[in-house]
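The next block holds one structure in the form of structure tokens; read it before the comments.
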Amino acid sequence: MKFDISCLQPKEQASFALRALYEAAGCRKYHMGRFEEYGLYQENRSFLSSEQVITFTDLDGRLLALKPDVTLSIAKTAQPAPGETLRYYYHENVYRPSAESHTFKEIGQMGLEMLGDVGEGQVRQAVSLAAQSLEQLGQPWVLEVSHMGYLFGLLDALDVPEASRAALLAKLKAKNLHELKAAASAAGPDEAGADALAGLMSLCGSCEDVLPRVEAACRNERMEAAAAELKAITEELAGAGGSIRLDMTLAGEMEYYNGLVFQGYLESLPRPVLKGGRYDLLMQKFTPGAGAIGFAVYLDELDRLSAAMNTLRIWPIRLPPGQQQKTEKTMLNVALPKGRLGDKVYGLLAGIGYGCPEDYNATRKLVVENPAAGIRYFLVKPSDVAIYVEHGAADVGIVGKDILTEASADVYELLDTGLGKCRMCVAAPADYKDDPSRPVRVATKFVNIAKSYYASIGRDIDIIKLNGSIELAPILGLSDVIVDIVETGTTLRENGLRVVTEFMPISARFIANKASYQFKHREMDEMLEKLRAALAAKEEKK
């Protein structure tokens, strides 16, 4: 009886296809133990996606860990000889904390590593195999490519201090233009330098459109070398089958990545299914003078394909009967917060052509749409907007900076709308004086924000999480201070409280799912352009 591979789950089919691909490319399978010395991860924390690792003490007293990463183990043990190129592929499980389940999760990975003598030929082969890996997965795909050398070259040209670079790269990765300019100015560059960093945001799109602008923006030899490598890679990937995009805001961990970085997306999946890059700086910690490039395919993400395949691509959700209206137009799915902010945003969007025939305030429906305009709104609780967008249920959304920061959502923050302005503050009774001999008791519903703020000033705290009527806590002696949103300050004054410190401005932000942006960037950019114009016109009328 002939075995039919099509009866397997998507990730099982993928593992067979990828193994055949990598072995045909001359790669040998690398197998490793499930455990690793914890010291390896402690010394290389910034390379890991999370510092949280499952540890245990072995029978001989050694502190071991369940592997949270494969690349570190291979880089440590490979030890290529001078002039030698090792080509490995692997199929392993790693153990990482899950943001969804708030527990550790076993994650299946396949990947490829080239280590040792890594030159132009090896780099081309690795990136080509990354594109071929996506092609093997049987769905429309996008591979976005960037270069750390280009980013470092620009930071060098602008004399940006080393201590400020990680924060600037984080703003770039989030496409957070409005905060990038402010952070750049604070880091030292003048207005022209800040504009140059902000200009990286526009270097995103098709290779034909972006590459000439990447080359024209070069300021030194390091940027020119990076641009030349990007050009060679785009030529290598011509006709690869999917979509190749350059995105100079894509950045990896600056302590390790020094060259090309890339990410792969499949249509209908909410996050990257492939990540990789050149990591000579990490490899040289274990083998001086060696280079390395590689990538991982996250097989467990393919489990989502089974559910997604049950729905037509133009219907990311199953609408109730009677609400389904077929359209050939690409639909943008918008998570709209219920309440005053949502009403303001909807009014703006309706005014620029994204209105719906149905008044959502006059119905109990949670989904309203206008296929002719290519728009669909989901009416959700404000605190859930970032969750819907991060997990791909919505393409874009409008959410307060407070909620976005508290959730640490992995999304693009494309626009500060300026709506709903207020600020995050520390407030206390009028006669409050800090007692440095003990931790501050802090009542708040913004636990992560409060922890981050007090950690930044080196102050120990005891957190008391509340869900409402935060001002009551210091009045009843439950806490010393509160951390909460303040708009006018009236509620504080009426309850005998005063603002001690303002530490974060808040307003509504336009956010996007990172995977959705790869496939619907034209629709999102068009909406953003119209929204910016509408907000500017509104501001002029004041």
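Computed over heavy atoms, backbone and side chain alike; hydrogens, waters and symmetry mates excluded. All values derive from a computational prediction rather than experimental measurement. Positions are given from 1 along the sequence.
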For F378 and Y388: C-alpha separation, side-chain torsions, deciding distance, then whether ring-ring contact (aromatic ring centres under 6.0 Å, His included) applies. CA-CA 9 Å; F378 308 151; Y388 277 88; 7.1 Å; no

For E529 and R532, what are the C-alpha separation, side-chain angles and deciding distance, and is it a salt bridge (Lys or Arg N to Asp or Glu O under 4.0 Å)? CA-CA 5 Å; E529 185 178 349; R532 285 192 182 97; over 6 Å; no

Derivation and outcome, side chain to side chain contact (heavy atoms under 4.5 Å, CB included), residues C204 and H521: CA-CA 10 Å; C204 173; H521 55 89; over 6 Å; no

Would you sort out whether T405 and N448 count as a side chain to side chain contact (heavy atoms under 4.5 Å, CB included), showing the intermediate values? CA-CA 8 Å; T405 304; N448 294 327; over 6 Å; no

Going through the checks in order, is the side chain to side chain contact (heavy atoms under 4.5 Å, CB included) test met by E113 and Y90? CA-CA 9 Å; E113 311 291 345; Y90 59 85; 3.6 Å; yes

Go through the steps to decide whether M527 and F510 satisfy the test side chain to side chain contact (heavy atoms under 4.5 Å, CB included), and finish with yes or no. CA-CA 11 Å; M527 175 183 277; F510 184 99; 3.7 Å; yes

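Between Y256 atom OH and D280 atom CG the span is 14.0 Å, to the nearest 0.5 Å. Atom CD of Q109 sits about 14.0 Å away from atom OG of S15, to the nearest 0.5 Å. How far CD1 of I506 is from CG of D402: 4.5 Å, rounded to the nearest 0.5 Å. Rounding to the nearest 0.5 angstrom, the gap separating the CG atom in L341 from the CG atom in L336 is 8.0 Å. The distance from atom CE of M524 to atom CG of L414, rounded to the nearest 0.5 Å, is 7.5 Å. Here the CD1 atom belonging to I511 is positioned 12.0 Å from the CG atom belonging to L415, to the nearest 0.5 angstrom.
Counting only heavy atoms from C-beta outward, the side chains of T71 and F47 approach each other to under 4.5 Å. Put simply, the side chain of L419 reaches to within 4.5 Å of the side chain of K538, judged on heavy atoms. You'll find the side chain of Y377 reaches within 4.5 Å of the side chain of L349, heavy atoms only. When side chains are defined from C-beta on, T249 does not count as touching S146, because their heavy atoms never get closer than 4.5 Å. Looking at heavy atoms from C-beta onward, L154 lies in side-chain contact with L197 at the 4.5 angstrom threshold. Using a 4.5 Å cut-off on side-chain heavy atoms (C-beta onward), V273 and L134 make contact. Looking only at side-chain heavy atoms (C-beta outward), P68 and Y95 stay at 4.5 Å or farther from each other. In this structure the side chain of L266 reaches within 4.5 angstrom of the side chain of L302, judged on heavy atoms.
Residues satisfying the side chain to side chain donor-acceptor pair (under 3.5 Å) test with E502, not counting sequence neighbours, are R423. Here R213 pairs with D209 under the salt bridge (Lys or Arg N to Asp or Glu O under 4.0 Å) rule; sequence neighbours left out. Not a single side chain to side chain donor-acceptor pair (under 3.5 Å) links D69 to another residue, sequence neighbours left out. With sequence neighbours excluded, the residues that form a side chain to side chain donor-acceptor pair (under 3.5 Å) with D410 are K514. Under the side chain to side chain donor-acceptor pair (under 3.5 Å) criterion, N176 pairs with H178, E179, E413, sequence neighbours left out. With sequence neighbours excluded, the residues satisfying side chain to side chain contact (heavy atoms under 4.5 Å, CB included) with S73 are M32, E36, L40, Y41, K67. Annotation: salt bridge (Lys or Arg N to Asp or Glu O under 4.0 Å) contacts of E23 (sequence neighbours excluded): R19.
Within the structure, no pair that satisfies the ring pair (Phe, Tyr, Trp, His ring centres under 6.0 Å) test touches residues 113-166, not counting sequence neighbours. Screening residues 120-138 for salt bridge (charged side-chain N to carboxylate O under 4.0 Å, His left out), with sequence neighbours left out, gives E120-R124, R124-E236. Judged as a side-chain hydrogen bond (donor to acceptor under 3.5 Å, both in side chains), the pairs with a partner in residues 214-224 (not counting sequence neighbours) are, in order, D156-R222.
Residues T330 and E523 share a closest heavy-atom pair of CB-OE2, 3.6 Å. Closest approach of F519 and E267 over heavy atoms only: CZ-N, 3.2 Å. Taking every heavy atom of both residues into account, V389 and D395 meet most closely at CG1-O, 3.9 Å. Between L151 and L250 the shortest heavy-atom distance is CD1-O, 3.9 Å. Residues D416 and A508 approach most closely at OD1-O, 3.7 Å, considering heavy atoms.
Using cut-offs of 30° and 60° for the angle between ring planes, the Y412 and Y517 rings count as perpendicular. A tilted orientation is assigned to the rings of Y22 and Y89, their planes being inclined by 30° to 60°.
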List the atom pairs, with distances to 0.1 Å, where a side-chain N or O of residues 185-192 and a protein N or O form a donor-acceptor pair under 3.5 Å, not counting sequence neighbours.
residue : atom : partner : partner atom : Å
S185    : OG   : K181    : O            : 3.1
D190    : OD1  : A192    : N            : 3.2
D190    : OD1  : G193    : N            : 2.7

Can I get a per-line list of side-chain donor-acceptor pairs under 3.5 Å for residues 281-295, giving both atom names and the distance, sequence neighbours left out?
residue : atom : partner : partner atom : Å
Q284    : NE2  : A290    : O            : 3.0
K285    : NZ   : N44     : OD1          : 2.7

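Not one N or O on the side chain of T85 forms a donor-acceptor pair closer than 3.5 Å with the backbone of G116. Between the side chain of K329 and the backbone N or O of I375, no donor-acceptor pair lies under 3.5 Å.
For NZ of K76, the number of neighbouring non-hydrogen atoms (other residues, nucleotides, ligands) closer than 6.0 Å is greater than 12.
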